Structures are given as structure tokens and as C-alpha cells.
Amino acid sequence: MSINKDRGLEELALAIALDLEPVDPPDNLEDKILSKIKAEEAPPKEFILTKLWKKKTFRLALSTTAASLSCVVLAALYWSSLHENERLKEEVRLASSINTDELTQTLGRIEKVMPLQGKEGAKGKAFVLKTSDKPDSKNEPRKRVVFVCEGIKKKDDEVVQVWVKDSPKDGFRPAGVIEPKDGVATFSTEVREDISEVMITLETSYNKSPQGKVLLASTPPPHPDSEINKESEKTNKGETDTNSSSESKVTTPSDDKPTQVKENEAKPTDGTSSGTQENPTNMNPVEPAPNSSAKPSPPDSGATPPDGGTSPQYQSNTTLTE
Amino acid sequence: MEKTDAELIELIKKKESEALREVIRRHKRKVYSIAISILGNAAEAEEVTQDVFVKLWTNCNYFDTSMPYKLSTWLITVCKNTAIDRLRKRKKIDYVEVDAVASASNVDVILDGPEMRLMKLRIASALNYLPKEQREVIEMVYFQGLTQSEIAASLNIPLGTVKSRIRLALTKLKGLLSRDEEGRAHEH
């Protein structure tokens, strides 16, 4: 009995036993089954990264790339911080020491340097710069006074005020307020003419006249009267003290006493001359007190004008490079 | 020379798909017929048939060709179980299906029983008592492996005629075998 016949008889026996009628299977059943097997045996579709992650070389490459990127980022951050540090250092350096050459080139010619004497480590200089060659016909400011100070200590509720005396005959007028940072501050204000003295005091609040402790002050020029008195002293060989009563009693920091201004000499002037700070890190322009009504006196008049002295030469500008 | 089922199984174990193709060609009608007899649904029967051969491919390593049972037995058993699982998934088994399941459960006994060889001889003998046209279609279906459509085309007769001839032949064979069994019983 052939294999086919044997298999046929077997199937026939089964059909008889189970009452099975032969049913033709669908066409291409072999191909369908083989396709199904092929589909089931195909590896499950993995996410490409998962597949790649299984490769050691990919993990190594990825780790190396990540490490490299981290190094680059860290280097960039370090460089950025280094650059920022250098920039801040430069700002501090500029704040602590203004390059007079640059000032000379950009702002004009330095006419006078007024050393400021102070106590407790405070020191500074006031530079009088000529900013305009125009004649003074329009009463426009032609000069600028730049203060560079360091070692200034103040509390939060205290105010550091700048005072300017336009001529020996005038009193101190408020020129503005400086806000030192880490003791360093620069400040500038425009003036029409030369100035006689400058002073920086520590006030409990914004004042129209200096009342607080003197932090820095310029050396007062010899008063003409004092020279005369000195000569008269020499000639008379006597000791007179006429200057002591007529001179301004503004004490230098060496006195370590609050500034005392005689009422007839240091009339309070307006604080509208708000200074301009070139270095934004240590200077905040401060508005004058709202109740301040005194106006700056013209330098040539020697007294506060009755109308309040609204001359524009005492309106401080906000830039150094005018 | 045509390979035996055992030889084909060994080739399938080596993942030779052509061997599986040959096994499918040999046994697909048997498996499909059982599946459709249990499920009564051509689409589901096809799916079950596919599953049976996929399981053969997947689990061929567990198939021990040295054992006495045959590939046919394994295929029909798997087909029966797979079809029953499908019926359970339906959660609704009507009377006919229960009957089909009950019949299918005897498959392994029929195929692997000791009387199988005798049964084959009796069937081969009984075929001679069939009318010529019935014997012809039976031989074409079971021995030559033709489909009913192919038989219809070959004999130039309608498909329904082929089916009716097959049905009549099976009924007659069953009767002949019953009578033969009764005669044997009387002799004993």
C-alpha cells in the first residue's frame, strides 16, 4: 500500500468515524501559514534607540559625546564667568580709578585736581574738567567736576551728600547724592565756572545744608582776607584772629566734627544739581528732597538769588560727554 | 521517493519551510475538515488550521518521531483542542458543536488504536462494493488529494454532484463496515 493510499485510507477512516465530509481548504493556505510563521518569527519592532542602546559601541559613543558636551558646556560656563569676572573687575577698576588720560581725551582738559582728605580710610579726588570752549554768554555749564571716592562707609538709612562751594564767598550748595558701593563711588556735576571747595558729608537725611559728619573735603584755598591778615600780622607782629570769625567753619575731616557753616556764608542752596554717576555699579542718582526750596546761587553773585536761582548752569546733566 | 511524515518532521526541526509546506499540503484538508466540523465557520476553521501548523513549526522540537503516534494524530489533536478553545471563547456552545466536540474527542483513539490497520483493510475492501462513480470520487479525494472543485472540473460534472457522490459513498461505506462488524460479531 502506497503512502498516499495509506494516508487516504486513514483519512477516510477518520471521515467515516466522525461523519466528516471532506471540505476543500482555502486556496494558498500553505503560503498564508508560512507568512504567518515568518511574521511571528520576525523580531519585535524595537524603538531604534533601544536597538542602538543594546550596542556597546553606541553606548560608548553616546557616553563620550555626552561627556564631551558636558565639558564644552562647562568650559563655556567657566569662560563666561571668567569673562564676567574680568568685566566686573574692569568696572571696579574704572570705578576706583578713573583714567585721567581718557577723561582728558573724551571729556576735555583737566583744569584742576582737588585732593579730598578724609578719615577712616576715605579718600578721593575731584577733577575739574573743561567741557566746552563756548563763551559763557548763555550761562551754559562749561565745566564738570568729577568726584572719585573710595573708602566711604554708610548705613542704609544714611545719605552721602556732595557739596560744592562755587567761590570762597559763597556757601556750600548741595550738588547731589552719591551711593557708594563697597565704599567706591564716582560722581559728576556740571558747573558754569570754577569751584572753590567741595565736600562730602554723611547725613541722616537729605539736607539743604551740610549738617552731618564730613567724610571728604577739599583743602580750602587761602582766603584773600586771611592772606591780608597774615601779612598784617607780619607787619604788626601781633596775633589777630580776624579770619576765624569770618572764615567758613567747615571743618576738615581731621576735625572729626560735623561741618559747621555760618549762616551768612553757607546759605543752603537747592539740591537740584543731581549728579550723574558714570559707573552704574556704585551710583544711583537721587532726587532731591521734595521740601527743598532753596536754589543754587549764581557763582558770580555770591548770594542766593531771591527768585530761587533757577539758572540752568546748576541743573546737572546726566552725561559726561556733552 | 516521497518523504514520510517523520522525515518531514526532522526537516521541519531544521527549520526547512518547504518541509512544512509539504506537511500542510498533505494534512490541510483533514485538519480543516475537523475544524470546520467543530466550529461550523469557514473563517474560524481557517484560522484554527493556520494555528495548528504554526504550532507544529514552533513546537516541532518536542515532537518525538520515534514514538508510535503519528503526525496525523498530533495534528488532529491539536486542531481539536484549538477549536474547542475557540468554542469556549464564544461562551456559547450549541448542541451540534457539543456533539462535534464529543466526536472529535475520539480521534486519537481511532487513529492510534490497534484496530486502525484492520480498519484500513476493511475500508479498502469495502470500496470495491461502491458504485463506480462513487468510488471514483472517493479515490480522487482521499488517494489523489484533489479538491472537490478539481474533481468536478476533471469529471465535467457539477460540484454539487461531486459532493453528493462523496456523501453517498461515505454513508454506504459506513453501512458496509457496520454490517461487516455485525457479521463478525455473529461469527464470534
Side-chain angles (χ1 to χ4, degrees), chain A residues 1-70, chain B residues 1-5 15 17 20-22 24-34 36-37 42 45-46 49-54 57-58 70 72 76 100 103-104 106-107 110-111 116 119-124 127 138-139 141-145 147-150 163 166-167 170 173-174 177:
Chain A
M1 193 181 290
S2 68
I3 292 175
N4 277 344
K5 194 168 184 181
D6 184 60
R7 196 162 50 238
L9 285 172
E10 185 182 286
E11 190 177 346
L12 194 54
L14 192 69
I16 293 168
L18 300 178
D19 288 333
L20 290 176
E21 289 185 16
V23 183
D24 290 339
D27 295 333
N28 302 322
L29 188 62
E30 295 92 338
D31 293 333
K32 289 178 183 176
I33 292 169
L34 289 174
S35 299
K36 193 172 183 178
I37 288 170
K38 196 175 180 181
E40 287 188 2
E41 285 186 340
K45 288 182 179 177
E46 286 182 309
F47 188 53
I48 188 163
L49 278 179
T50 312
K51 209 182 287 182
L52 286 170
W53 184 252
K54 289 179 179 174
K55 294 181 179 177
K56 194 175 180 181
T57 52
F58 176 76
R59 288 203 301 270
L60 188 65
L62 193 67
S63 305
T64 309
T65 307
S68 305
L69 279 175
S70 302
Chain B
M1 189 177 175
E2 195 177 47
K3 288 185 171 65
T4 63
D5 285 350
K15 298 300 175 188
S17 58
L20 179 66
R21 187 184 291 274
E22 176 61 22
I24 295 169
R25 192 189 61 76
R26 285 183 187 180
H27 297 279
K28 62 182 179 182
R29 188 178 57 207
K30 192 166 29 187
V31 173
Y32 183 73
S33 298
I34 290 174
I36 205 166
S37 71
E46 184 180 350
T49 306
Q50 290 181 10
D51 289 345
V52 169
F53 288 105
V54 170
W57 177 265
T58 309
K70 295 181 177 180
S72 300
I76 290 168
S103 300
N106 298 321
V107 169
I110 296 165
L111 292 176
M116 189 63 191
M119 181 77 160
K120 287 178 187 173
L121 291 173
R122 288 168 60 197
I123 291 172
L127 283 173
I138 288 292
E139 286 177 350
V141 169
Y142 292 102
F143 300 152
Q144 297 176 24
T147 65
Q148 297 177 54
S149 303
E150 288 170 344
K163 287 182 178 178
I166 291 171
R167 193 180 305 118
L170 290 176
L173 278 175
K174 194 172 184 179
L177 292 173

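Since we're looking at a predicted model, the values are computed, not measured. To find a chain, count down the sequence lines: A is the first, B the second, and so on, and within it residues start at 1.
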Check your understanding: With the threshold set at 4.0 Å, does a side-chain nitrogen-carboxylate oxygen contact exist between A/Glu30 and B/Arg25?
Key ->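 Salt bridge absent between A/Glu30 and B/Arg25.
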
Check your understanding: side chain to side chain donor-acceptor pair (under 3.5 Å) with B/Gln144: which residues, sequence neighbours excluded?
Key -> none

Check your understanding: By side chain to side chain donor-acceptor pair (under 3.5 Å), which residues pair with B/Gln148, not counting sequence neighbours?
Key ->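 In terms of side chain to side chain donor-acceptor pair (under 3.5 Å), with neighbours along the sequence ignored, B/Gln148 is linked to no residue.
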
Exercise for review: Could you check which of B/Gln50, B/His27, B/Glu22 has the highest count of heavy-atom pairs closer than 4.5 Å to chain A?
Suggested key: B/Gln50

For the [atom1] atom of [X] and the [atom2] atom of [Y], what is their distance to the nearest 0.5 Å?
X        : Y       : atom1 : atom2 : value
B/Thr49  : A/Lys32 : OG1   : NZ    : 10.5 Å
B/Ile123 : A/Glu11 : CD1   : CD    : 11.0 Å
B/Lys30  : A/Leu12 : NZ    : CG    : 11.5 Å
B/Met119 : A/Leu9  : CE    : CG    : 10.5 Å
A/Leu14  : B/Ile76 : CG    : CD1   : 4.5 Å
B/Arg167 : A/Asp19 : CZ    : CG    : 12.0 Å

Check your understanding: Measuring heavy-atom distances to chain A, does B/Val141 have an atom under 4.5 Å in its side chain, in its backbone, in both, or in neither?
Key ->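 B/Val141 touches chain A through side-chain heavy atoms alone.
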
Practice item. Check whether B/Phe143 gets within reach of chain A through its side chain, its backbone, both or neither, counting any heavy atom under 4.5 Å. Key: both

Check your understanding: Hey, does A/Leu18 have a side-chain heavy atom less than 4.5 Å from the side chain of B/Ser37?
Key ->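 A side-chain contact under 4.5 Å is absent here.
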
Which atom of [X] lies closest to which atom of [Y], heavy atoms considered:
X        : Y       : answer
B/Leu170 : A/Glu21 : CD1-CA, 4.2 Å
A/Pro25  : B/Tyr32 : CA-CD2, 3.6 Å
B/Tyr142 : A/Leu20 : OH-O, 4.2 Å

Check your understanding: Which bit of A/Leu34 comes within less than 4.5 Å of chain B, counting heavy atoms only: side chain, backbone, both or neither?
Key -> side chain

**Study point:** More than 12 heavy atoms from other groups under 6.0 Å of NZ on A/Lys36
**Key:**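 Counting neighbours around NZ of A/Lys36, more than 12 heavy atoms of other residues, nucleotides or ligands fall under 6.0 Å, so yes.
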
